[in-house]
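Below is one structure, written out as structure tokens; comments come after it.
We use all heavy atoms of the structure for the numbers below, so side chains are in, but hydrogens, waters and symmetry mates are not.
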Amino acid sequence: MSHETGHATSPETGQVSSRRTGRPTIALIGGRPKLVRKAHELGMGVVYIQHPGQYDRAHWPYVDQALLVDYTDTERLLPLVRALHRAYPFDGVVSLYELGVRPAAEIDRMLGLGWHSLETVDLLLDKWRMRRRLNGLGVSPVAAAVGETERDLRDFAAAHGLPIFVKPVCEAGSIGVFAIRDEAELAAVPARFRELEARFDRSDLAGPLDRFLMEEFLDGPEISVETLSFDGRHVLVGVTDKVLGGPGFVEVGHSCPSRHPEPLLREVERLVMAFLDAVGLRNGPGHTEVKLTGRGPRIVESHTRIGGDRINELAEIAYGVDMDRHALGSRLGLVEPLTRSPLPRAGAAIRFLTPPPGRVTEVTGVEDVLADPALVELEISVRPGDEVPPLTWSEERVGHVLARGETAEQAAAACERLAAMVAICTEAVS
């Protein structure tokens, strides 16, 4: 099996190549083993493109051909994929992982597959380009500018008042999102971004943090809108209410269906459909974050993928729609496209475990949570001796509890109860 060489490798499954079986075949970039399993269950051949260290036996039964390479290095990736496509031709390429969506779009353009628009992907990855497009069309107008220095921040604050939002131009997972509420905080912002860039591994970042996006402050609760698009026809799957926490804006919980009033949700739906048209999204999933401000709903950002944080699992419980399966199989005729928005059939919620920073001394309550009938999934990623960092982005959460109920209110209450039963005790690290 190849590692850093970028060679194509076949898992030792004895499977016949997809080219000889005549099955529709998809190239899948990154993601958890569940995605290759779902593609396999749909009857597809799977060409899997993944980092060498993230491919293991869990993937093998479902993969016909693997290319193990740093897929963010597209200068190296594209010629390898072109050669692989000649030997193991595939009909489409998909990534449901943030750092894989642009490589997928570049492969699509190179091979002329017609699944993705590189322009749309770039618009949504670059929040400044997206904001300029929307402001130019009068869709969800928000004052914004790009800065690099303290003077840029002071000029923007003088023009638009405080507080303001500051965030990276191209990132996800709540990395580096700050609300600047006081003039004294402005001087520290450039240094905060330099410190952030030094903290992260390059593979976790979409780009350098030498510039930041400044936006007017958007008050009000935040939601996410999950959509599927079929040749330019957009269908709203569901709306998820968010809980934000930590010193920044890290998501610490979600629940669906949304508990906001129906007239407001219809206004949100109209806005999101206009937004998807404005950025040219025609096929596949969309995950669009919206602030419900006093001036009406405003787009925060969007992604050409399914939301993280187990949002697909929440949508499947609440609405009966597996967005993963649609993203993988709809274009190949293996999943029937949605014709209208599904009606809610249950409630679902997730709460993330965010103990105080420090060294873990004890984890208790797990057995009682596992025995609870409301539980869907419990995940804890730390054990005694591990260190919990301060909460600054999504990857620093240390687990979650996912629960169901007859309504969103019941699911959220069950989730809060179960999360409180898990005690992750920490002590200060000297």
Salt-bridged, [X] to [Y], with N to O below 4.0 Å?
X      : Y      : answer
Arg181 : Glu185 : no
Lys34  : Asp324 : yes
Glu251 : Lys242 : yes
Arg129 : Glu119 : no
Arg76  : Asp70  : no
Asp91  : Arg331 : no
Arg23  : Asp64  : yes
Lys127 : Glu215 : no

Compare every heavy atom of [Y] with every heavy atom of [X], then report the nearest pair and how far apart it is.
X      : Y      : result
Leu78  : Met110 : O-CE, 3.4 Å
Pro33  : Ala58  : CG-CB, 3.9 Å
Val36  : Tyr62  : O-CB, 3.5 Å
Pro297 : Val268 : CB-CG2, 4.0 Å
Gly31  : Tyr48  : O-OH, 2.8 Å
Gly347 : Ile317 : O-CG2, 3.8 Å

Taking side chain as C-beta onward, heavy atoms only, is [X] less than 4.5 Å from [Y]?
X      : Y      : answer
Leu402 : Glu313 : yes
Leu68  : Tyr55  : yes
Leu281 : Thr304 : yes
Lys167 : Glu301 : yes
Asp182 : Leu162 : no
Ile311 : Ile350 : no
Met44  : Phe90  : no
Glu336 : Ser330 : no

Kindly determine whether Leu42 and Leu328 satisfy side-chain contact (heavy atoms from CB on, under 4.5 Å), including the steps that lead there.
CA-CA 9 Å; Leu42 286 169; Leu328 296 168; 4.2 Å; yes
For Tyr88 and Gln65: C-alpha separation, side-chain torsions, deciding distance, then whether side chain to side chain donor-acceptor pair (under 3.5 Å) applies.
CA-CA 8 Å; Tyr88 290 86; Gln65 187 70 23; 3.3 Å; yes
Taking atom [atom1] as the centre, does [X] end up with more than 12 heavy-atom neighbours from other residues, nucleotides or ligands that are less than 6.0 angstrom away?
X      : atom1 : result
Glu183 : CD    : no
Arg32  : CZ    : no
Arg359 : CZ    : no
Arg109 : CZ    : no
Arg325 : CZ    : no
Arg154 : CZ    : yes

His116 vs Val93, test: side-chain contact (heavy atoms from CB on, under 4.5 Å). Steps then yes/no.
CA-CA 9 Å; His116 307 283; Val93 56; 4.3 Å; yes
Only one of Glu377, His254, Arg351 forms a side chain to side chain donor-acceptor pair (under 3.5 Å) with His400, so which one is it?
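Of the listed residues Glu377, His254, Arg351, the side chain to side chain donor-acceptor pair (under 3.5 Å) partner of His400 is Glu377.
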Candidate pair Arg295 and Asp219, rule salt bridge (charged side-chain N to carboxylate O under 4.0 Å, His left out), full reasoning:
CA-CA 9 Å; Arg295 296 182 291 119; Asp219 64 318; 6.0 Å; no
How are the rings of Tyr71 and His51 set relative to one another: parallel (under 30°), tilted (30 to 60°) or perpendicular (over 60°)?
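It falls in the tilted class, 30° to 60°.
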Would you check, one step at a time, whether the test side-chain contact (heavy atoms from CB on, under 4.5 Å) holds for Ile26 with Val47?
CA-CA 6 Å; Ile26 194 170; Val47 173; over 6 Å; no
Expected output: side-chain [X] to main-chain [Y] donor-acceptor under 3.5 Å:
X      : Y      : result
Ser341 : Val237 : no
Asp241 : Ser255 : no
Ser302 : Leu124 : no
Ser258 : Thr240 : no
Arg298 : Pro141 : yes
Asp155 : Asp152 : no
Arg133 : Ala278 : yes
Thr120 : Val279 : yes
Thr293 : Gly220 : no

Passes side-chain contact (heavy atoms from CB on, under 4.5 Å), Leu125 versus Glu98? Steps please.
CA-CA 9 Å; Leu125 288 175; Glu98 181 72 11; 3.3 Å; yes
Steps toward side chain to side chain donor-acceptor pair (under 3.5 Å) verdict (Asn283, Asp231):
CA-CA 5 Å; Asn283 292 291; Asp231 196 24; 4.9 Å; no
Working to the nearest 0.5 angstrom, can you tell me the gap between [X] [atom1] and [Y] [atom2]?
X      : Y      : atom1 : atom2 : result
His40  : Leu35  : NE2   : CG    : 14.5 Å
Ile29  : Ile49  : CD1   : CD1   : 4.5 Å
Leu80  : Thr74  : CG    : OG1   : 11.5 Å
Ile223 : Arg259 : CD1   : CZ    : 13.0 Å

Indicate, with yes or no, if the rings of His160 and Phe156 have centres closer together than 6.0 Å.
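Yes, they do, as the ring centres are separated by less than 6.0 Å.
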Dump the intermediate steps for side chain to side chain donor-acceptor pair (under 3.5 Å) on Glu226 and Ser224, then the final yes or no.
CA-CA 6 Å; Glu226 320 310 326; Ser224 68; 2.6 Å; yes
Have a look at Arg131 and tell me which of Asp126, Val146, Val142, Val169 forms a side-chain contact (heavy atoms from CB on, under 4.5 Å) with it.
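Option passing the side-chain contact (heavy atoms from CB on, under 4.5 Å) with Arg131: Val142.
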Exercise: do His234 and Ser229 side chains pair donor with acceptor under 3.5 Å:
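Their side chains do contain a donor-acceptor pair, which is all the 3.5 Å distance test asks for.
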Looking at Phe352, I'd like to know if the NZ or CZ of Arg397 sits under 6.0 Å from its six-membered ring centre while staying within 45 degrees of the ring's axis.
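Yes; both conditions hold, so Arg397 lies above the ring face of Phe352.
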